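None of these values were measured; they are calculated from a predicted model. What you see below is based on every heavy atom in this structure, not just the backbone, and it leaves out hydrogens, waters and symmetry mates.
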Amino acid sequence: MDDKEYVKAFEIISEAGDSKALSMEAVQWAKKGDFEKALECLKAAREKMNSVHDVQTDMFTEEANGNPAKVNIILVHAQDHLTMSIMAYDNAEMMIDLYKELQEMKRKMDE
């Protein structure tokens, strides 16, 4: 793997890690009942994931042009981070919906 490929792999790790952290922060805001902040965090997480997908698409394009990336533990680790950030985002969306439903149920019980 050359320096350019390492930079791409570490960019994936960094952006995917940020995306995962933002997804988890979104869940914490939803738990507190602040759904506006939760959705802001989710939006930021999605933007980070889109950035990662751009890097990954560049790597796919390089591969299609006959310049395959050399697979090593750093690149595998980067792909793992991307996968986990996608799962965190998907789970955060569901958990925020559940917190909204729970809040609505509590409100109805208090009436």
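A45 and Y89 make their closest contact through CB-CD1, 4.0 Å (heavy atoms, listed as atom of the first residue, atom of the second, distance). Residue A38 comes nearest to A30 through the heavy atom pair CB-N, 3.8 Å, listed as atom of the first residue, atom of the second, then distance. Of all non-hydrogen atoms in S23 and A92, the two that sit nearest each other are O-CB, 3.5 Å. The shortest heavy-atom contact between A88 and M24 is CB-SD, 4.4 Å. Minimum interatomic distance between E63 and A69 (heavy atoms only, all atoms of both residues): OE1-N, 3.6 Å.
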| task | List the steps and the verdict of salt bridge (Lys or Arg N to Asp or Glu O under 4.0 Å) for E104 and R107. | result | CA-CA 5 Å; E104 184 61 29; R107 186 177 9 256; 3.0 Å; yes
| task | Mind running side-chain contact (heavy atoms from CB on, under 4.5 Å) on E15 and V55 for me, showing each step along the way? | result | CA-CA 10 Å; E15 294 292 300; V55 174; over 6 Å; no
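In the hydrophobic cluster analysis, where Ile, Leu, Val, Met, Phe, Trp and Tyr join through side-chain heavy atoms closer than 4.5 angstrom, F35 is grouped together with L42. No continuous path of hydrophobic side-chain contacts links M84 to V52 [ILVMFWY only; heavy atoms under 4.5 Å]. A single hydrophobic cluster is not seen to contain both W29 and Y99; linkage of ILVMFWY side chains at heavy-atom distances under 4.5 Å, directly or through other members, places them apart.
Relative ring orientation between F10 and Y6 is described as parallel, the plane-to-plane angle staying below 30° on a 0-90° scale split at 30° and 60°.
Separation of atoms CG (D18) and NE2 (H81) is listed at 11.0 Å; rounding is to 0.5 Å. To the nearest 0.5 Å, the span separating CD1 on I86 from CE on M49 amounts to 6.0 Å. To the nearest 0.5 angstrom, E40 atom CD is 11.0 Å from L22 atom CG. Once rounded to the nearest 0.5 Å, the distance linking OG of S85 with CZ of R46 reads 9.5 Å. The CD1 atom of I96 sits 11.0 Å away from the CE atom of M94 when rounded to the nearest 0.5 Å. A distance of 11.0 Å separates CG in L102 from NZ in K31, rounded to the nearest 0.5 Å.
Between the N65 side chain and the T61 main chain, a donor and an acceptor come within less than 3.5 Å of each other. D80 contributes no side-chain N or O that, together with a main-chain N or O of V76, makes up a donor-acceptor pair within less than 3.5 Å.
In this structure, E36 places its CD atom where only 12 or fewer heavy-atom neighbours from other residues, nucleotides or ligands lie under 6.0 Å away. Few gaps surround NZ on K8; more than 12 heavy atoms of other groups in view lie less than 6.0 Å from it.
Inter-residue side-chain proximity for E5 and L75 is flagged as unmet; no heavy-atom pair is nearer than 4.5 Å. Proximity of I12 to M59: side-chain heavy atoms (C-beta onward) are separated by under 4.5 Å at one or more points.
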